[in-house]
Amino acid sequence: MLRTHTNGELRLTDINKEVTLCGWVQVVRDKGGMIYIDLRDRYGITQLILEESKTDKAVLDTVRTLSREFVIAATGTVIERLAKNDKIPTGDVELKVSNVTILNPAKLPPFLIEDKTDGGDDIRMKYRYLDLRRNPVRANLVLRHQVAKFTRNYLDNQDFIEVETPVLIKSTPEGARDFVVPSRMNPGEFYALPQSPQTFKQLLMVSGFDRYYQIVKCFRDEDLRADRQPEFTQIDCEMSFIEQEDILNMFEGLIRHLFTEVKGIDIGEVSRMTYAHAMKTYGSDKPDIRFGMEFKELKSEDIDLTSGKGFAVFDDANTVVGICVKGCAEYTRKQMDELTDFVKRPQIGAKGMIYMRYNADGTLKSSVDKFYSEEDLKQWATTFGAEKGDLILILSGDGDKVRKQLNELRLEMGNRLGLRNPNNYSVHWVVDFPLLEYGEEDDRWFAMHHPFTSPKPEDIQYLASGEYGKIRANAYDMVINGVEVGGGSIRIFQKELQAKMFEVLGFSDEEAKHQFGFLMDAFEFGAPPHGGLAFGFDRLCSLFGGSDSIRDFIAFPKNNSGRDVMIDSPSTIDQKQLNELKIKTV
RNA sequence: GGAACAUUGGUCUAAGGGUUAUGAUGCCACUCUGUCACAGUGGUGAAACGAGUUCGACUCUCGUAUGUUCCGCCA
């Protein structure tokens, strides 16, 4: 070792020791007669001190050539500081330097390597290896390491076995676009990178592995967002001889373990709600339930408190639904206009917004007073359970569409009122997802989760009757703070049911055989009942870190266009390579 | 595939159809023996690319590139 200690290590108890430290020069403070150097490594910062009269002239000369980010080794004696610094753990001591070796000089970095850097996202991504020297970024990767470590601990204790599955696999038409890799040895043929190890983990169940997991890279060639990367990591799990309840308990346990070990937080009860309830009450399949504002209906299949009063907007809508915002009756006209503009933005697409104030003096004032009597409004207020000082926001329109719009408004209000503190966590399951959803464009049914998801036994009858929309699946998502962190299902393990599913999804026998014949075959050799789930590892880390962006938790992430601006990929390849692969670009 | 916004010294940024283009920080030089975001003095250094409007464009318009965010998409 070139060093005897790290830069985060020395304390008063080390005084008078001869030590050698290595690291990067954070800053040189040359006061003329004396020079201070902050030496940094991943463990911390230790101050080096040199004095005009006491330090060897040659050493002083060397030190005067140092600048930021030089890599040096410094030898000397640990002494107690005259002026202590209580902001850093090593602040009681300093190293009285007797010798300094420049291990490597450094060009000036394009931005400051400090907790609060002056660099923008762009330049920091280009020099990611420099950005990674900064504490906050490094802390995110340490957090990621912790999450991975405690995941492995937990699953290992539960007898799970980590098995690697291939990365060069086969393209499938369903779902996201595949990244493809040409096969040189098989001209004109391509591998695909896995969107997930789905079929392999099911085959491992057939093999009798019983409890499998893998922290594994997955690849999807779709457009990106702040919380999406073309390559991302899953905690992929599968179990045999279990029911849905066993899965929920097992992985609730995992998340509880992670919160306890990584964050020191007890997450309390992990509640459950059905997909139908989530959609009706929150307009989302991943509701943020840290705050109330549940939807209340003024008009739907079950109720009608709005029709026949001459307000055409409500009369023409099949659904009128709203939220009650506590204590916001005093919102100004300007604030109301902002909210109206918010819901009218093209991304949300509402036509307008109706509001009603429940004033502190007990009066009700709405933007539709012209059409509705005091009595009508009172009835609304009762429906919402509103109290004096509350504000009620109402949207109208078409069923699930208007609920999705109201969901956006609800989240916006949650943000405005500071009800979505990233350090408050609420973990819950959404269960009973529909098995199939209808795709208008292709005029056919699609698997909502994936084609191997099993229907609920009591709903299998609808497979025969063709009422596909009624079929609920043994599928579940885990939601934390309105973010879907994981999901899975109990799988189909009988060949006949799987064949029926492929039929419903519009696969011909041939296609099914071509795409998934190996799985169908496997199911004939004794497939156990099984199911599992996968967690989005990057998202989980970003939640633990209290950030919306998963990029901060990936060492070398890609940008919005799927580019790595540091290594400049993707890039063109030599004609020679193309020839070898028998590939022509168009 | 679509939309919005952005692009000014190394970095972050200000104003404004006519300026010597603002400030901070960095960097360089000098001073400084208890600094730790050291301080002080002085210095250095800038309009993404292309076209147009105009007497005149860093400023307005269009296009291109790049980036960010969103919609579509992501079983």
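In this text, all values refer to a predicted model and were calculated from it rather than measured experimentally. Throughout, a chain's letter reflects where its sequence line sits, starting with A, and its residues are numbered from 1.
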Electrostatic pair R345(A)-E408(A), nearest N-O below 4.0 angstrom: no
Presence of R29(A) side-chain N/O under 4.0 Å of rU35(B) phosphate oxygens OP1/OP2: no
Rounded distance in Å - CD1 (I35(A)) to P (rC36(B)): 16 Å
Worked verdict on R551(A) versus N140(A) for side-chain hydrogen bond (donor to acceptor under 3.5 Å, both in side chains): CA-CA 10 Å; R551(A) 288 180 204 165; N140(A) 286 343; over 6 Å; no
Residue-phosphate contact under 4.0 Å: R64(A) side-chain N/O, rC30(B) OP1/OP2: no
Protein-nucleotide distance (D121(A), atom CG; rU69(B), atom P), rounded to Å: 8 Å
Whole-Å distance separating the NZ atom of K31(A) from the P atom of rA37(B): 13 Å
Ring centroids of F111(A) and rU11(B) base under 5.5 Å with planes under 30°: no
Complement of rC5(B), any strand, by Watson-Crick or G-U distances under 3.5 angstrom: rG67(B)
d(CG, N560(A); P, rC71(B)) in whole Å: 12 Å
Short side-chain N/O contact from R220(A) to OP1 or OP2 of rC73(B), under 4.0 Å: no
Distance below 4.0 Å between K84(A) side-chain N/O and rC36(B) OP1 or OP2: no
Pairing nucleotide - rG17(B), Watson-Crick or G-U, each distance under 3.5 Å: none
